[in-house]
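Keep in mind it's a predicted model, so treat the numbers as computed, not measured.
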Amino acid sequence: MTIHTCGHCRPYSLCFKLATLLAASVCVFLSALGTAVSQQKTVTIAAWADYIPPEVISGFEARTGIKVVYDTFDSLEFLETKLLTGGSGYDLVLPSALVANRLIQAGALQKLDKAQFGNYANLDPDILAFLAKHDEGNAYGVPYLWGTTGILYNPKLVSERLENAPVGSLDILFDPEIAAHFADCGIAMIDSPEEVVAIALNYLGLDPFTGDAAELAQAEALLTSVRPHIRHFRTGAIINGLADGDLCLVLGWSGDAGLAHARALDAGNGIEIAYAIPREGTEVFFDFLSIPVDAPNPENAHRFIDYLMEPEAIAEVTNQYFYPNGNRAAFELVAEEVRNDPNVYPPSEIMEKLFPNLPRAHGALRLLTRSWTRFKTGS
Ligand code: N2P
């Protein structure tokens, strides 16, 4: 690039001053351009740890030259608060459909420009129709992965402590006499109040989304009865805790059992981890790909979302992390042992027992959050 200067000016003449001004504005212009160019080259993502494989990210970077900055959160409440506050700096976020629904109402997400997507037709129309209940017209979110919340366990440690332990039932976690057997080998729960309380209410035969204070109190009493046996609620420490043998029983997410098992296999430590969908029924969750309203690089976010809708890319995610995806065209590319695993893709008779997480009546969420804090802190 050539910068033209006024070569014939005498110092301090009007011409000289104008030239200096011009040079200064050229500088300001160039540095602004530099910032814009460097901004154009990144996409900052907020996601769970172990939710987008490094190989998938590097495939996108190699193809587009856009650098991915991967930031992690380990509770939905943290992500929600950050997005409601604004100025998060995130270009792409992965809330659950339920949290996305509240973020949409609060104006914290932006409408997706579907004209920028070449791969949208790969998505599963049934999942899109279902998610439209949370996001009218699928305007703000593209489905990413989904799964169930259930029982992750170490069969060896569990059966050593209790023969015929009811691993397929929430009794193992919610009946204090049964749970007590496993306190020493480590019980953990995801720190996800809306999900866990809904499961506890459903276990009690109550509406999982009740706003009734007395019913919420029953769920709190149930959870509190097993509180002494729970070691921790550190969501981010569950996969490695199971894989290392520091935990034997977890109320958590389906795919994390597969990942913990794969990690233990890699470590060659002989540990096996299994998963069961509770026979009492449980929640099924769906996670969104969405763009915050104030995202610095929304075009890059659209490109990344479009890339994640490519069957090869999203099948790789499912193969590594054992969560089903919302992409119909990818199904054939998912490894046979993953796609035929009923814990990953539950058969229809199991699906019928699952409930999706739904919004609660006004005020109920506050009651629930307070009750969760009391339960967790044991107060
Ligand atoms: C992270 C799994 C997150 C799923 N390993 C939460 N819906």
Asks: Side chains of Asn119 and Asn122, heavy atoms from C-beta outward: is any pair under 4.5 Å?
Replies: yes

Asks: How far apart are the closest heavy atoms of Pro324 and Tyr345, and which atoms are they?
Replies: CB-CE2, 3.3 Å

Asks: Got a second to check how far Leu162's CG is from Leu157's CG, nearest 0.5 Å?
Replies: 13.0 Å

Asks: Please answer: with hydrophobic residues joined when any side-chain heavy atoms are less than 4.5 Å apart, are Tyr140 and Ile127 in the same cluster?
Replies: yes

Asks: Applying a strict under-4.5 Å side-chain criterion to I, L, V, M, F, W and Y, I'd like to know whether Tyr51 and Phe322 cluster together.
Replies: yes

Asks: Is it possible for you to say whether Leu289 and Ile52 belong to one hydrophobic cluster, with membership spreading through side-chain heavy-atom contacts below 4.5 Å?
Replies: yes

Asks: The criterion is side chain to side chain contact (heavy atoms under 4.5 Å, CB included); which residues satisfy it with Ser254, sequence neighbours excluded?
Replies: Thr148, Tyr275, Tyr323

Asks: Is the count of non-hydrogen atoms from other residues, nucleotides or ligands lying under 6.0 Å from Glu160 atom CD greater than 12?
Replies: yes

Asks: Going by the rule salt bridge (Lys or Arg N to Asp or Glu O under 4.0 Å), which residues pair with Arg360 if we only count those two or more places apart in sequence or in a different chain?
Replies: Glu194

Asks: For Thr235, which residues count as a side chain to side chain donor-acceptor pair (under 3.5 Å) partner, sequence neighbours excluded?
Replies: none

Asks: So, the side chain of Asp287 versus the backbone of Tyr144: is there a donor-acceptor pair under 3.5 Å, distance only?
Replies: no

Asks: Does Gln320 have any side chain to side chain donor-acceptor pair (under 3.5 Å) partners at least two apart in sequence or in another chain, and if so, which?
Replies: Glu55, Glu316

Asks: Please tell me whether Val197 and Leu98 are part of a single hydrophobic cluster in this structure, the criterion being side-chain heavy atoms less than 4.5 Å apart.
Replies: no

Asks: Please give me the minimum heavy-atom distance between Gly141 and Leu112, naming the atom from each residue.
Replies: N-CD1, 3.6 Å

Asks: Please round to the nearest 0.5 Å and tell me the distance separating atom CH2 of Trp253 and atom OH of Tyr321.
Replies: 15.0 Å

Asks: Under a 4.0 Å threshold between the charged nitrogen and the carboxylate oxygen, would Asp256 count as salt-bridged to Arg263?
Replies: no

Asks: Hey, could you give me each pair passing ring-ring contact (aromatic ring centres under 6.0 Å, His included) that has a residue in residues 89-123? Not counting sequence neighbours.
Replies: Phe117-His302

Asks: Can you see which heavy atom on Leu354 is nearest to which on Pro346, and at what distance?
Replies: CD1-CG, 4.4 Å

Asks: According to salt bridge (Lys or Arg N to Asp or Glu O under 4.0 Å), does anything in residues 294-312 pair up with another residue at least two apart or in another chain? List the pairs.
Replies: Arg63-Glu310

Asks: Would you indicate whether the side-chain heavy atoms of Leu265 and Ile271 approach each other to under 4.5 Å?
Replies: no

Asks: Kindly work out whether a path of hydrophobic side-chain contacts (I/L/V/M/F/W/Y, heavy atoms less than 4.5 Å apart) joins Met309 to Tyr307.
Replies: yes

Asks: Does a sphere of radius 6.0 Å around CD in Glu349 hold more than 12 heavy atoms from other residues, nucleotides or ligands, not counting ones at 6.0 Å or beyond?
Replies: yes

Asks: What are the two closest non-hydrogen atoms of Thr373 and Thr377, and how far apart are they?
Replies: O-OG1, 2.7 Å

Asks: Could you check whether Arg102 pairs with Glu80 (Lys NZ or Arg NE/NH1/NH2 to Asp/Glu carboxylate O, under 4.0 Å)?
Replies: yes

Asks: Report the residues that fulfil ring-ring contact (aromatic ring centres under 6.0 Å, His included) with Phe375, sequence neighbours left out, ordered by chain and then residue number.
Replies: Phe233, Trp372

Asks: Could you tell me which non-hydrogen atom of Asn343 sits nearest to which non-hydrogen atom of Ala276, and how far apart they are?
Replies: OD1-CA, 4.4 Å

Asks: I need the Leu247 CG to Arg234 CZ distance, nearest 0.5 Å.
Replies: 8.5 Å

Asks: Does anything in residues 361-377 pair up under salt bridge (Lys or Arg N to Asp or Glu O under 4.0 Å), and if so which pairs, sequence neighbours excluded?
Replies: Asp191-Lys376, Glu220-Arg374

Asks: CZ/Phe60 to CZ/Phe304 distance, rounded to the nearest 0.5 angstrom?
Replies: 6.0 Å

Asks: Could you grab the distance from atom CD1 of Ile277 to atom CD1 of Ile151, nearest 0.5 Å is fine?
Replies: 10.0 Å

Asks: Identify each donor-acceptor pair in which a side-chain atom of residues 170-190 lies under 3.5 Å from a protein atom, sequence neighbours left out, and give them as a table.
Replies:
from	atom 1	to	atom 2	distance (Å)
Asp171	OD1	Tyr203	OH	2.6
Asp171	OD2	Ser169	OG	3.3
Asp175	OD1	Glu177	N	2.9
His181	ND1	Glu177	O	3.3
His181	ND1	Ile178	O	3.2
Asp184	OD1	Arg161	NE	2.8
Asp184	OD2	Arg161	NE	3.3
Asp184	OD2	Arg161	NH2	3.1

Asks: Apply ring-ring contact (aromatic ring centres under 6.0 Å, His included) to Phe355 and list each qualifying residue two or more places apart in sequence or on a separate chain.
Replies: Phe209

Asks: Could you tell me the separation between the CG atom of Leu92 and the CZ atom of Phe288, rounded to the nearest 0.5 Å?
Replies: 13.0 Å

Asks: Out of the candidates Phe73, Phe285, Tyr70, only one should pair with Trp48 under the ring-ring contact (aromatic ring centres under 6.0 Å, His included) rule; please name it.
Replies: Phe73

Asks: Would you kindly say whether Asp91 and Asn297 are connected by a side-chain donor-acceptor distance under 3.5 Å?
Replies: yes

Asks: So with a 6.0 Å cut-off around CD of Glu272, is the heavy-atom count from everything else above 12?
Replies: no

Asks: Would you check if the side chain of Asn269 reaches a backbone N or O of Ala243 as a donor-acceptor pair within less than 3.5 Å?
Replies: yes

Asks: Would you mind listing every salt bridge (Lys or Arg N to Asp or Glu O under 4.0 Å) that reaches into residues 104-127, with sequence neighbours excluded?
Replies: Asp124-Arg328, Asp126-Arg328

Asks: Just wondering, do Asn101 and Asp135 contact through their side chains at under 4.5 Å, heavy atoms?
Replies: no

Asks: Can I get a per-line list of side-chain donor-acceptor pairs under 3.5 Å for residues 331-340, giving both atom names and the distance, sequence neighbours left out?
Replies:
from	atom 1	to	atom 2	distance (Å)
Arg339	NE	Phe331	O	3.3
Arg339	NE	Val334	O	3.0
Asn340	ND2	Glu336	O	3.3

Asks: Restricting to non-hydrogen atoms, name the atom on Val293 and the atom on Gly107 that form the minimum distance, rounded to 0.1 Å.
Replies: CG1-O, 3.5 Å

